[in-house]
Amino acid sequence: MSVKKIYEEMKTKLGNVVPDLELKYKAELVAKINQLKKEKNAVILGHNYMAPEIYHFVADLGGDSLELARKAAETDKDIILFCGVKFMAETAKILSPDKKVLIPSLEAGCSLAESITGEDIRKLKKQYPGVPVVTYVNTYADAKVETDICCTSSNAVKVVNSLDADTVIFLPDEYLAGNVARETNKKIISWTGRCEVHEKYSVQDIDDIRRQFPDVVVLAHPECRSDVVKAADFAGSTAAMIKYVEKHDAPCYLILTECMMGDNIAAANPQKNILRLCSVRCPHMNKITLENTLEALQKEQYEVNLSKEICEKAAQAVKKMIEIG
Ligand code: 13P
Ligand code: SF4
């Protein structure tokens, strides 16, 4: 597609969230990326937090962690370019060990993934022998290797309830563990990991917005503190929040998650008022840009390298989760 045509489409779709001057420059990058993607037989997976120009114009497949893990396992392309953070690209590699998996920035980490190691989990298993370990997909491969089954925010309760045990070790997100504990009869042993973005939202934020916008519907990610989730009208994964806005008629929503997702929802629902608190940002997701996505394809960087042995061991826990859905 010509740069002019891409620019026109971007203007129609993103005109309400991206300034026109930026769109002209971005359209040229989008054209280059999409051309190179074809030449290299690559697929681009884009997390829901990606900037609108990436999410709507270069990602072939978008979604939350669970949807992207499934899509990564199914692709027949030679290269998977992951526009998201490192643990997500690693999960793609674990599920497709023979493919070249790339991530545009090595700085795209995650405070949850960094909060726990495989060694930490080995110690917990010694402390609680026989207790099954559920690990959030927001972890690195060395932690997944020590795990019985992974989960994402969209299936955490289902995964915990699927286990034939009264007590479950649930790692590493302290707040997600607390939110899951309220929805299950099982005893949950948790860790002290936190998402540096979602931990910042407070009930005060919700009260302030409700005062200014009395008809607002508040959506919170389950990585938020329990009191925030309780004060919200709905809690769910990033994909569940997107679907919620699509399916409901309310005119105004507050999205308590990475602000960029609010831009993506606003672009797709121009008739609705999408409120977001942009003083709270994910510094990791924001490392991914059109510029470094293009560079990643040109130079085939940065490749995710995991040994076959690690991939095999970690895949068991990820595949069990995918089977549960
Ligand atoms: P989702 O699985 O809901 O997309 O969450 C991923 C994440 O990193 C949230 O901060
Ligand atoms: Fe990790 Fe939080 Fe960023 Fe998601 S928003 S990638 S959980 S730091």
Side-chain angles (χ1 to χ4, degrees), residues 13 17 43-75 80 82-85 87-92 95 108 110 112-113 134 136-139 150-160 173 175-176 179-180 183 195 197-198 201 217-224 228-229 232-250 253-269 272 274-276 281-282 284-286 288 318-319 321-325:
K13 188 147 198 178
V17 289
V43 63
I44 298 186
L45 303 184
H47 185 261
N48 290 327
Y49 288 162
M50 287 298 103
E53 58 273 16
I54 295 179
Y55 186 76
H56 291 285
F57 285 89
V58 303
D60 300 289
L61 303 164
D64 66 6
S65 308
L66 180 62
E67 292 169 333
L68 292 176
R70 279 211 198 98
K71 288 167 183 173
E74 284 164 9
T75 185
I80 299 173
F82 213 114
C83 289
V85 290
F87 77 80
M88 295 178 177
E90 271 198 6
T91 307
L95 292 169
C110 169
L112 281 170
V134 177
Y136 196 27
V137 76
N138 296 37
T139 46
C150 285
C151 74
T152 71
S153 58
S154 71
N155 60 15
V157 175
K158 208 168 167 190
V159 166
V160 166
D173 187 342
Y175 293 142
L176 180 62
N179 289 321
V180 169
E183 293 188 41
C195 163
V197 177
H198 294 95
Y201 297 121
V217 176
V218 180
L219 312 186
H221 194 277
E223 288 168 13
C224 292
V228 171
V229 167
D233 299 299
F234 173 79
S237 76
T238 54
M241 285 193 248
I242 292 171
K243 282 181 200 129
Y244 188 100
V245 176
E246 273 165 14
K247 285 197 186 133
H248 289 78
D249 293 330
Y253 301 81
L254 170 64
I255 310 291
L256 290 179
T257 197
E258 160 58 31
C259 172
M260 206 62 96
M261 196 174 93
D263 281 7
N264 288 325
I265 298 180
N269 300 271
K272 294 178 181 167
I274 308 300
L275 307 173
R276 50 265 200 207
R281 306 302 308 272
C282 175
H284 311 288
M285 289 283 184
N286 280 286
I288 310 298
V318 180
K319 285 182 181 165
M321 165 189 84
I322 290 177
E323 276 163 28
I324 286 185

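Atom set for the values below is all heavy atoms of this structure, side chains included, hydrogens, waters and symmetry mates excluded. Just so we're clear, the structure is a prediction, and the values are computed from it rather than from any experiment. Heads up: numbering here begins at 1 and tracks the sequence.
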- request: Give the intermediate values and the outcome of side-chain contact (heavy atoms from CB on, under 4.5 Å) for residues Phe87 and Thr139.
  value: CA-CA 6 Å; Phe87 77 80; Thr139 46; over 6 Å; no
Lys319, NZ atom: more than 12 neighbouring heavy atoms under 6.0 Å: no
query: What distance separates Cys83 SG from Ile54 CD1, expressed to the nearest 0.5 Å?
result: 5.0 Å
field: Electrostatic pair Lys71:Asp60 at N-O distance under 4.0 angstrom
entry: no
task: Search all heavy atoms of Ser65 against all heavy atoms of Asn138 and return the closest pair with its distance.
output: OG-OD1, 4.5 Å
message: Using 0.5 Å steps for rounding, measure from the CD atom of Glu223 to the CG atom of Leu112.
response: 5.5 Å
Shortest non-hydrogen contact between Val17 and Ala267, atoms and distance: CG2-CB, 4.2 Å
message: Check whether Asp64 reaches the backbone of Ser237 with its side chain - one donor and one acceptor, N or O, closer than 3.5 Å.
response: no
field: Criterion side-chain contact (heavy atoms from CB on, under 4.5 Å) on Val245 and Met241, from CA distance to verdict
entry: CA-CA 6 Å; Val245 176; Met241 285 193 248; 5.8 Å; no
- request: Could you walk me through whether Tyr136 and Cys151 pass side-chain contact (heavy atoms from CB on, under 4.5 Å), step by step?
  value: CA-CA 5 Å; Tyr136 196 27; Cys151 74; 4.2 Å; yes
field: Donor + acceptor pair across side chains of Tyr49, Thr257 (<3.5 Å)
entry: yes
- prompt: Lys272 side chain to Tyr253 main-chain N or O, any donor-acceptor pair under 3.5 Å?
  reply: no
- prompt: OG1/Thr238 to CG/Leu219 distance, rounded to the nearest 0.5 angstrom?
  reply: 12.0 Å
message: Using the rule given for side-chain contact (heavy atoms from CB on, under 4.5 Å), can you reason through Val197 versus His221, listing the C-alpha separation, both sets of side-chain angles and the distance that settles it, and then say yes or no?
response: CA-CA 10 Å; Val197 177; His221 194 277; over 6 Å; no
- request: Give the ring-plane orientation class for Tyr201 versus His198, where under 30° counts as parallel, over 60° as perpendicular and anything between as tilted.
  value: perpendicular
- prompt: Do Glu258 side-chain atoms and Cys282 backbone N/O form a donor-acceptor pair below 3.5 Å?
  reply: yes
- line: When rounded to the nearest 0.5 Å, the distance separating CG of Asn155 from CE of Met321 is 6.0 Å
query: So how far is it from Arg281 CZ to Met260 CE, rounded to the nearest 0.5 Å?
result: 4.5 Å
message: With a 3.5 Å distance limit and no angle check, can you tell me whether Asp263 reaches the backbone of Ala51 through a side-chain donor-acceptor pair?
response: no
field: Polar side-chain atom of Asn264 near backbone of Asn48 as donor-acceptor pair, under 3.5 Å
entry: yes
message: Just to verify, which of Val137, Thr152, Thr91 counts as forming a side chain to side chain contact (heavy atoms under 4.5 Å, CB included) with Leu66?
response: Thr152
query: Do any N or O atoms from the side chain of His248 and from the backbone of Tyr244 form a donor-acceptor pair under 3.5 angstrom?
result: yes
- prompt: For the atom pair NE2 (His47) and CD (Glu67), what is the distance rounded to the nearest 0.5 Å?
  reply: 9.0 Å
